[in-house]
Amino acid sequence: MATKVRVRFAPSPTGGLHLGGVRTVLFNYLFAKHHNGEFVLRIEDTDQTRYVEGAEEYIVECLKWCGLNPDEGPQQGGPFSPYRQSERKPIYRQYAEQLVNSGYAYYAFDTPEELTAKRETIPNFQYGHDYRHEMRNSLSLPADEVKRLIEQGTPHVVRIKMPKNETVTFNDMIRAEVSFDTNLVDDKVLLKADGMPTYHLAVVVDDYLMKISHAFRGEEWLPSAPVHILLWKYLGWEADMPQWAHLPLILKPDGNGKLSKRDGDRLGFPVYAMNWTDPKTGDLTKGFRELGFMPEAFINLLVMLGWNDGTDQEVFSLEEMIKKFSIERVSKAGAKFDFEKAKWYNAEWIKRTSITDLRTLFNEVLDNNGIVISDENYLDSVIALVKERCVLISDFWQQASFFFRRPYEFDTDAVKPKWNQDKTDFFKALTVAFSQSPAWNSTDLENEFKALAAEKGLKIGDVMLPFRIMLVGGKFGPAVFDIAALIGKEETIERVNHFLDLLAE
RNA sequence: GGCCCGUUCGUCUAGGGGUUAGGACGCCAGAUUUUCAUUCUGGAAACACGGGUUCGAUUCCCGUACGGGCUACCA
């Protein structure tokens, strides 16, 4: 391919970033990087009524977290600035007028009320050849009347004039050939009464001006593809039209349909990449990041929703994805989102990530729980012991809190029924033995413990669990002697005594 | 309703005219771990249906069914 690969992600800043949006970014990004191309972020804020404060910054932050930073965009600028469509407003009108002048579009003066009324009286009303001559527009009205209306500043829009009896065919990179009958497509609004373009005009103009070579977007855009393709043609840019790829949708896990934020709330999993607080209502929607997902796992689980490399490999780093990604291997059918599998990816990533790289992440969890780490080596040892037991980063607290402070609660029910004086004696003797213990390591501790149990005529199994409960608080966690070795002599003895006191009460 | 897109285990998917239809998640059983998790081994589990084409279709074609998307001066 002679032309440089340039792709774009073009979100509208209306709220949190949906995981489907992130996957669209990912596929764009992977394709671009695979071909040594550029990835552009363009903010499609042409609908001023839907603009939400902070949404753009949020999107940028999400991309940053995922490691999918754009090469050009509103934050860093670039040769095709500005990258916010609201700031490009003056650009669009001339193209709309060019289309009117060449007969491919027309002015329409119908008010929203008139349109609603029309839709109510005529079932399946479409603003197209069947009805456009009954409406108030530059096709139905005399030229001088049109001129007068415009000069008077009458609110009007520009609509595309869909041709009659034509078939628009294009080759989608994922779906192969797709065709549409122009008789069935309506005269979409191109320029709104407020002077802003609609998505249809803006996407074509900006993709052209920004030299976009490949346009990837969700399948929900497929029905409007004929409008865009005709626009490329009518504007005289057909030779520069990007190649299209309509990505399969991400579906809700139960039933069918596009996955929405509500499904997450209902089923108890995040849908947004990061926490999002609606500035108007103050409502917080949970995100994958704050729940405890690693960005590597997040993009990994997303890429597998609709793509595979043809082998059995399922865990990919971003670098590997870039190397192996190809749009031909993206499937056509929508994929149901499975939160269980999503968690599996995260657990896999935690297991595969080095202690050093996990340190910051886990330290943050401790920080959130009011623990300040002074000894980094100690933290590292704990991480080594529990990382395989964490599915989410946030699980670290549940799995490791007892390494940093004495347990608040003890599962005494697990030991009480079988408790007896022999055991009390054993543990009292154990504290004495431990206090005199010259070495303090897992193996020696285990040997001492076992020797003492044998001496007292107790089965090891009968005292192991109580010992664990004393140190941990419950029936979980890594090997007991590893824990004792790590928390130290003093702390171990204190915990044993504390528990004995508790039982005595 | 109309238009467009889709359909392999419950889920994500591999495969592709002749295969014991492969893998992963989840589930079940066993082993290991004197806890739990990890790990390991094994198991149940799928080509939507009907017609073609063909010596042979899960694979190609056409229908049907089902599912989804779109149908705004929203993207």
Side-chain angles (χ1 to χ4, degrees), chain A residues 10-14 44-47 49-50 85 108 110-112 115-116 119 123-127 155-159 172 174-175 178-181 183-186 188-200 202-203 217-226 246 248-249 251-258 301 304-315 329 331-345 347-348 351 386-391 395 399 411 414 446 450 453 459-469 472 474-480:
Chain A
S12 94
T14 52
E44 308 229 333
D45 54 351
T46 52
D47 186 356
T49 62
R50 293 213 309 160
Q85 288 182 330
D110 318 274
T111 64
L115 289 170
T116 317
R119 288 192 186 98
N124 298 328
F125 172 79
Q126 262 204 166
Y127 206 123
H156 63 279
V157 301
V158 174
R159 285 180 183 271
D172 188 276
I174 294 172
R175 282 149 224 288
V178 183
S179 316
F180 295 86
D181 178 349
N183 293 338
L184 274 359
V185 182
D186 60 346
K188 290 266 183 274
V189 170
L190 265 21
L191 199 71
K192 298 186 263 191
D194 65 1
M196 275 289 194
T198 59
Y199 171 79
H200 305 296
V203 73
R217 64 202 337 183
E219 194 189 340
E220 70 264 34
W221 290 108
L222 207 40
S224 57
H246 290 88
L249 266 16
L251 278 13
K252 57 186 76 193
D254 59 337
N256 287 292
K258 256 202 292 192
L301 71 93
M304 296 311 282
L305 253 24
W307 175 84
N308 70 82
D309 76 338
T311 73
D312 285 342
Q313 186 176 346
E314 291 194 277
V315 178
R329 291 204 63 88
S331 50
K332 302 184 219 291
K336 288 188 187 182
F337 179 70
D338 180 0
F339 190 50
E340 291 306 317
K341 184 95 185 219
K343 285 191 289 191
W344 175 81
Y345 279 107
E348 261 333 279
K351 275 184 261 180
V386 306
K387 62 182 250 189
E388 305 218 330
R389 323 171 83 85
C390 296
V391 171
D395 290 341
Q399 291 297 332
D411 187 357
E446 184 169 355
K450 285 180 174 171
K459 274 190 277 180
I460 290 152
D462 289 342
V463 280
M464 282 283 270
L465 187 66
F467 189 40
R468 167 176 297 282
I469 306 277
V472 173
K475 291 188 275 187
F476 64 94
V480 242

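Order of the sequence lines sets the chain letters (A, B, ...), proteins ahead of strands, with each chain counted from 1. Computed from heavy atoms alone, side chains included, the values below leave out hydrogens, waters and symmetry copies.
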Original post:
Backbone N or O of A:Thr198 within a donor-acceptor pair of the A:Lys188 side chain at under 3.5 Å?
Top reply: no
Between atom [atom1] in [X] and atom [atom2] in [N], what is the gap in whole Å?
| X | N | atom1 | atom2 | answer |
| --- | --- | --- | --- | --- |
| A:Leu251 | B:C66 | CG | C1' | 14 Å |
| A:Asp45 | B:C74 | CG | P | 13 Å |
| A:Trp307 | B:C12 | CH2 | P | 18 Å |
| A:Gln313 | B:G15 | CD | C1' | 18 Å |
| A:Asn183 | B:C4 | CG | P | 12 Å |

Original post:
Less than 4.0 Å between a side-chain N and a carboxylate O, is that true for A:Lys341 and A:Asp338?
Top reply: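 The answer is no: the pair does not qualify as a salt bridge.
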Original post:
Side chain of A:Leu222: nearest nucleotide among B:C4, B:C73, B:U34?
Top reply: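 Looking only at side-chain atoms, A:Leu222 lies closest to B:C4.
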Subject >> salt bridge (charged side-chain N to carboxylate O under 4.0 Å, His left out) partner of A:Glu219, chosen from A:Lys332, A:Lys258, A:Arg175 >> reply: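 Single salt bridge (charged side-chain N to carboxylate O under 4.0 Å, His left out) partner of A:Glu219 among A:Lys332, A:Lys258, A:Arg175: A:Arg175.
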Can you tell me if [X] touches the phosphate of [N], counting only side-chain N or O atoms and a distance under 4.0 Å to OP1 or OP2?
| X | N | value |
| --- | --- | --- |
| A:Arg329 | B:G15 | yes |
| A:Ser331 | B:U13 | yes |
| A:Arg50 | B:A75 | no |

**OP:** Quick one: label A:Gly306 by what it contacts on the DNA or RNA (base, sugar-phosphate, nothing), any heavy atom closer than 4.0 Å.
**Re:**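 Sugar-phosphate contact only.
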For nucleotides [N] and [M], find the distance between their [atom1] atoms and express it as a whole number of Å.
| N | M | atom1 | value |
| --- | --- | --- | --- |
| B:U53 | B:U71 | C1' | 38 Å |
| B:A45 | B:C12 | C1' | 15 Å |
| B:G43 | B:A57 | C1' | 30 Å |

Original post:
Side chain of A:Lys341, base of B:A24: donor and acceptor closer than 3.5 Å?
Top reply: yes
Subject >> Watson-Crick or G-U wobble mate for B:U32, both contacts under 3.5 Å >> reply: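 Checking every strand shown, B:U32 finds no partner, since no pair has both distances under 3.5 Å.
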